[in-house]
Protein chains: 2
Amino acid sequence: MDISKHPNECIFHLLTRAARRGGRAFKAAIEDLGLTAVQGRVLNLLWVMGDARATELGEQVELDSATITGVLDRLAVLGLIERRQDENDRRVARIFLTPAGNELGQKINDRVVPANEAFLDGMTENEVAALKKFLKQL
Amino acid sequence: MDISKHPNECIFHLLTRAARRGGRAFKAAIEDLGLTAVQGRVLNLLWVMGDARATELGEQVELDSATITGVLDRLAVLGLIERRQDENDRRVARIFLTPAGNELGQKINDRVVPANEAFLDGMTENEVAALKKFLKQL
DNA sequence: ACATTTTATCTTGCATGCAAGATAATGAAT
DNA sequence: ATTCATTATCTTGCATGCAAGATAAAATGT
C-alpha cells in the first residue's frame, strides 16, 4: 500500500488518531473526579512513584519542562500536590501528594485497569501484548 | 503485569508517548518547510484529497471544529490554502490549495515514506502491518 | 408558509505542547 | 577561589486540543 496516497497508512497519522481516542477514553473514565486526562495521569504516576522530581514526572509522561510546570501549578492550586525544595540540591522541586492528592491518586488507579480493558475490548491478550511491545520500542 | 503499579503497561500512557515521539519525528522531517507537524499533516491531506470541507479535514486528522478552524486560519495566512463558500450549501467552507500550497503539499508527501521508514526502522514488515492494523481498530 | 431541528463553521476560554531563553544552583577545571 | 559548563526549573510566546456556546444556513415537520 502506498502511503503517499493513503494517509491512513502513515504511522504518524495512525499514532496521533489512536492517542487522541485513548486520551478521550481516559478522560471520560476520570472526568467525574474533576481532572483532565493529563492531570490524572500525572497524579496517578505520582501516586505510584511516591514522590518525584518535576523533571522525572515530565520524562515519564513525555512532557517537557515548560508543560509539566503548568500541570503541576494547577494540581497545586487544587490542593493535590505540594512542591518542596530538595534539601540536598536546591535546584530540584520535589513533588509530594497531599492527603487529598493521595486519595484521588488511588481512585484514579482503581479505574486504570477497567478503562484499559474497555478500550482494548475486542483484542486478544496476545494482540494487546504485541501492540504494547511495539509501542514501547518506537 | 499489573497496570496499576506499572504506568508503562497502561495503553493510554503508551499511546501518548508513542504519538508524541512520532509527532516530533514528523516535525523534524518537514521542519525546514516552515510548517508545524499538524499544519503539515493537514496540508498533505488536502493535497491527497484535492479539495475538502473543513469538517472533513478535521475528521481525518481527528481534530474538532474549533481546532481545525485555527489551523486553517494559519495555513490561509501563509498563502497555502483558500476558503471558498460552497455554492450549493453556503454553510460549507470548501478548502482549496493555492499553487504554493500545492507545491508544498507535494514536497511534504515526498518525505512521508522516508520518514515512516526511519521511524519504523527495526521493525519487520509483518510487525509494521500488525501495528497499523491494531492502531486502526482502536 | 412557518416553526423546529439539524448541520457546518466559528468564537471564547482554558489546558496542554513545545521552542527559546531566563534564572539560580551545582559541578568541573584550572 | 574563580571561571566555565551543566543542570533543574521556570517564563514567554505561539500552536494545538477541546468543551461550551453562538451564528447562519439547510432540512424537516406540521
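Just so it is clear: chains get the letters A, B, ... in the order the sequence lines come, proteins before strands, and each one is counted from 1.
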| message | If the condition is ring pair (Phe, Tyr, Trp, His ring centres under 6.0 Å), which residues does B/F134 pass it with, not counting sequence neighbours? | response | none

| said: Among residues at least two apart in sequence or on other chains, which ones pass salt bridge (charged side-chain N to carboxylate O under 4.0 Å, His left out) with B/D73? | reply: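 With sequence neighbours excluded, B/D73 shows a salt bridge (charged side-chain N to carboxylate O under 4.0 Å, His left out) to B/R83, given in chain and number order.
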
| said: So, using salt bridge (charged side-chain N to carboxylate O under 4.0 Å, His left out) as the criterion, who are the partners of B/D64 when residues are at least two apart? | reply: none

| task | For B/S65, report the nucleic acid contact type (base, sugar-phosphate, nothing); a contact means any heavy atom under 4.0 Å. | result | base

| side chain to side chain contact (heavy atoms under 4.5 Å, CB included) assessment of B/M49 paired with B/E56 | CA-CA 10 Å; B/M49 294 173 75; B/E56 212 172 345; 3.7 Å; yes

Throw together a table of side-chain donor-acceptor distances under 3.5 angstrom for residues 29-36 of chain A, partners on residues two or more places apart or in other chains.
| from | atom 1 | to | atom 2 | distance (Å) |
| --- | --- | --- | --- | --- |
| A/D32 | OD1 | A/R111 | NH1 | 2.6 |
| A/D32 | OD2 | A/R111 | NH1 | 3.3 |
| A/D32 | OD2 | A/R111 | NH2 | 3.1 |
| A/T36 | OG1 | A/Q39 | N | 3.1 |

| task | Return the 5'-most residue of the pair A/R53, B/A37 with respect to DNA chain D, ranking by each residue's nearest nucleotide. | result |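 The answer here is A/R53.
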
Check the distance between [N]'s [atom2] and [X]'s [atom1] and give it to me in whole angstrom.
| X | N | atom1 | atom2 | value |
| --- | --- | --- | --- | --- |
| B/L35 | D/dC14 | CG | P | 18 Å |
| B/R90 | C/dT6 | CZ | P | 22 Å |
| A/R91 | C/dG27 | CZ | P | 6 Å |

| task | Check A/L80, A/L43, A/I81, A/L97 against A/N102 for a side-chain contact (heavy atoms from CB on, under 4.5 Å) and give me the one that passes. | result |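 Answer after filtering A/L80, A/L43, A/I81, A/L97: A/L97.
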
| field | Near-strand residues of residues 71-88 of chain A, defined as heavy-atom separation under 4.0 angstrom from DNA chain D | value | A/R83

List, with names and distances, any nitrogen or oxygen atoms from the protein found under 3.5 Å away from nitrogen or oxygen atoms belonging to nucleotides 17-19 of chain D.
| from | atom 1 | to | atom 2 | distance (Å) |
| --- | --- | --- | --- | --- |
| D/dG17 | OP1 | A/R20 | NH1 | 3.2 |
| D/dG17 | OP2 | A/R20 | NH2 | 3.1 |
| D/dC18 | OP1 | A/R24 | NH1 | 3.4 |

| field | Nearest listed nucleotide, side chain of B/D89, among D/dC10, C/dA8, D/dA26 | value | D/dA26

| message | Ignoring hydrogens, what is the shortest heavy-atom contact between A/G22 and B/F12? Give both atom names and the distance. | response |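 Looking at all heavy atoms of both residues, the shortest contact is O-CD2, 3.3 Å.
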
| query | Does some side-chain heavy atom of B/W47 sit less than 4.5 Å from a side-chain heavy atom of B/N44? | reply |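 In short, these two side chains touch, coming nearer than 4.5 Å.
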
